[in-house]
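Since we're looking at a predicted model, the values are computed, not measured. All residue numbers refer to positions in the sequence shown, counting from 1. Counting starts at 1 for both ligands and their atoms, following the listed order.
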Amino acid sequence: MSFDVAAFVLEQYGLHATVKPLDGYEDLNYLLIADEGQRFVLKCTTAIDALDFIESQNRVLNHLAAQGMQGLIPELIPTATGAQTIHWQNEDQSFYIRLFTFVEGTFLSDLPVNNEQLLDFGRFLGRMDQLSKDLKEGAIIARIHEWDHQHFLMNKEHLNVIEDVEQRRVIHYFLQQFEDRILPYRYRLRKGLIHNDPNDRNVLTDGQKITGIIDFGDMSYTWLICELAITIAYTAQLTEDPLECAWHLIKGYHEELPLDEQELHLLFYLIPTRLCTTLIGAAKAKKLNPDNAYISIHEQSAWKLLKQWVTINPTQAENVFRDGAGLPPVQPADLDEMLNDRFEHLSKAMSISYGTPIHMNNAAFQYMFDDRGNAYLDCVNNIMHVGHCHPKVVSAGQAQMTRLNTNTRYLYHQLNEYAARLAATFPDPLTKVYFVNSGSAAGDLAIRLARAHTGNKDVMVVDHGYHGNTSTTIDLSPYKYEGRGGEGKASYIWKAPIPDTYRGAFKADDPKAGQKYGTQAATLAQQAHDEGSPLAAFICESIIGCGGQVTLPEGYLKTVYDAVRTMGGVTIADEVQTGFARVGTHFWGFEAQEVVPDIVIMGKPIGNGHPMAAVITTEEIAASFENGMEFFSSFGGNPVSCAIGLAVLDVIEEESLQQHALDVGNYLIERLKKLQHNYAVIGDVRGSGLFLGIELIENKHTMDPATELAKSVINKMKAAGIMLSTDGPFNNVLKFKPPMCFSLEDADRLIHVFEQSL
Ligand code: PMP
């Protein structure tokens with residue numbers, strides 16, 4: 001500022017003082033030390049149209065000082081002529097200038113925080129808000145800015161300033177949760193005039209008590225509960241346990257200004273709101289003003305807390321908040337009652353995971369939350385491919401659902417666009433796409449296509465394979481037809497051995513194991529042919545999931561495909577589990593085998609939980625299917641599904657999830673193989689990317705499956721907040737197939753808990 005501060009204060013206030021610039025977000029602030037040692041702050045507000053707002057602020061400060069907050073807040077010092085605000089300007093700058101008393105104390109950020117102090121902080125704010133909340137200052141009420149929670153969505157258009165993909169998706173998630181969970185209450189939430197920025201650099205302490213609060217420049221007439229939400233957002237950055245910190249602040253505040261249940265219910269999603277605004281604000285400001293370090297002062301710790309916030313069960317948090325306000329916890333559902341209700345109208349043929357079932361309430365990315373306050377790291381749900389409730393996928397679905405949903409009997413560009421985008425992920429000659437609604441329906445259709453094209457009926461499958469729940473796909477699934485309640489192999493099915501290089505006839509150390517297993521299948525295909533029932537198709541998963549995450553040995557599919565094709569059959573790859581970049585090395589699992597199938601079926605991850613699936617095939621096979629009968633699926637390929645499918649593809653690309661799956665998967669394999677040296681029970685570690693299997697055995701020599709141990713490991717890991725499942729013919733293979741955002745930190749946690757469980 002090209003004006004002489006010392007001369008100015010002498011002239012206006014009769015104050016002899018030395019001048020030191022202070023940090024500030026927007027305003028220019030100066031510390032003045034008078035000759036007698038007394039300190040003052042000169043605040044120069046740069047916004048030229050802010051006079052109404054400044055005068056409102058002045059009235060609020062005068063009110064608070066008059067109501068007993070003298071010494072605890074900056075008090076206005078008038079000029080010799082009695083003015084509290086002076087307008088100063090030269091040819092390029094214009095300021096409103098005010099002189100304040102200096103509030104004594106150390107910034108909260110500069111001393112360790114203790115619980116007594118947090119309680120006192122809560123009380124302090126409660127008392128202050130009690131005094132200010134009912135003030136009606138027009139200029140404050142009229143102000144619209146992104147630091148006011150009511151206008152949080154102003155940040156949405158700036159989301160892309162966040163460059164880090166993880167940070168961006170988490171911020172987007174909380175923006176969306178805010179829209180969905182907070183906005184419906186916007187007219188019901190209690191409002192009041194609050195400080196709105198009690199951050200640790202605006203609050204002063206003597207180490208025990210709060211001695212004051214400064215910077216009223218963000219004052220807002222907004223939802224009253226935001227004062228606490230914002231305070232928790234900043235103060236928890238200074239502590240290890242954010243919920244414990246929140247409890248103390250709430251308890252203190254509630255003693256002075258009682259909170260209601262609705263406010264406590266919504267608080268969980270109002271806390272990250274400020275963290276997101278901080279991060280977007282910092283990213284924006286850094287672009288404009290890379291040298292102002294104060295702007296990004298909270299950036300790192302805000303991100304650390306926001307990242308932690310995603311892992312917290314909202315119900316657990318709500319109960320802590322309620323407890324702080326002296327309210328009992330929200331009652332969880334009675335599980336026995338829920339089970340009884342379920343069995344009243346639902347079949348017992350549908351299984352439920354774990355001895356004590358989990359009543360799930362919420363989820364975020366790789367975390368799931370039950371109604372008892374437990375949080376789980378999800379290592380099971382590969383359906384939620386890009387993460388539970390991924391905001392980009394959710395908003396794509398919501399937006400399309402509000403506009404149009406119809407079927408493939410009409411033209412709409414989403415269908416063409418999605419079919420083209422999906423087809424582009426496949427090698428030639430796979431170009432023709434069909435949309436259905438489940439992996440099972442896709443498998444069914446694939447068999448119809450194969451039969452229409454070949455004129456044959458029989459199908460060769462792989463032992464322990466699973467392809468779906470329809471009549472046809474059950475027939476294709478030894479996992480089912482040979483399992484409990486199964487009716488055995490249908491007459492048109494040929495079952496090849498599983499190419500398992502751990503347990504099977506040919507082991508991993510045999511470089512020709514793939515060809516040898518392939519030759520077994522080829523021989524079977526030949527037999528079918530020779531017996532007058534040539535194959536229509538051979539179907540195989542690219543990594544055999546239900547069979548125990550069995551990775552196909554090199555050369556396997558090539559050997560089988562060659563034989564099947566020679567005898568007039570077609571080949572089908574089941575990518576329902578392995579597709580969409582999960583295996584890390586490739587976008588599609590079959591690509592690792594250096595083959596191109598004639599038909600591929602997809603499901604599960606394709607819609608991140610939205611029920612959709614697809615089949616892709618060649619021009620020739622598609623032509624054989626065009627025999628006059630219409631193919632119609634009521635829901636397959638509808639505009640909403642297409643919008644969601646497109647969003648999933650976008651996210652995989654934008655977040656580089658294929659590379660991520662490879663990096664995290666390789667890291668896990670390396671750590672697990674190290675563990676294998678110390679734990680003889682780990683028989684095999686296999687898989688690719690984020691699709692892994694850990695086979696547990698009793699004994700290295702007999703290789704007896706450690707089924708009970710696997711079950712107990714799963715239960716122990718559940719108790720430690722990690723969800724895994726078992727599979728394979730002996731149920732002794734731990735299956736790992738988490739949402740693709742599963743991180744390296746999650747991997748460390750998984751290994752740690754796994755080792756402890758062993
Ligand atoms: N194929 C494979 C390999 C599967 O794992 C599954 C489902 N577990 C299916 C097909 C059937 O998919 P859906 O449950 O969507 O019908």
Open item on the list: I'd like to know if the side chain of T425 reaches the main chain of R421, judged simply by a donor and an acceptor atom lying under 3.5 Å from each other, with no hydrogens or angles considered.
Closed with: no
Task: Protein residues that have a heavy atom under 4.0 Å from any atom of ligand 1, sorted by chain and number - done: S438, G439, S440, Y466, H467, G468, E541, D574, V576, Q577, K604
Task: Check: F426 ring centroid to F587 ring centroid under 6.0 Å - done: no
Open item on the list: Ring centres under 6.0 Å, that's the criterion: do F736 and F691 meet it?
Closed with: no
- [ ] Evaluate salt bridge (Lys or Arg N to Asp or Glu O under 4.0 Å) for E655 paired with R169, printing each intermediate quantity in order.
- [x] CA-CA 9 Å; E655 299 188 5; R169 72 174 168 234; 2.5 Å; yes
With a 3.5 Å cut-off and sequence neighbours excluded, list the donor-acceptor pairs that the side chains of residues 612-619 form with protein atoms.
{"unit_1": "T617", "atom_1": "OG1", "unit_2": "D598", "atom_2": "O", "d": "2.8"}
{"unit_1": "T618", "atom_1": "OG1", "unit_2": "I621", "atom_2": "N", "d": "3.2"}
{"unit_1": "E619", "atom_1": "OE2", "unit_2": "K432", "atom_2": "NZ", "d": "3.1"}

TODO: Give the C-alpha distance, both sets of side-chain angles, the deciding distance and a yes or no for side-chain hydrogen bond (donor to acceptor under 3.5 Å, both in side chains) between Y367 and D378.
DONE: CA-CA 6 Å; Y367 306 101; D378 181 1; over 6 Å; no
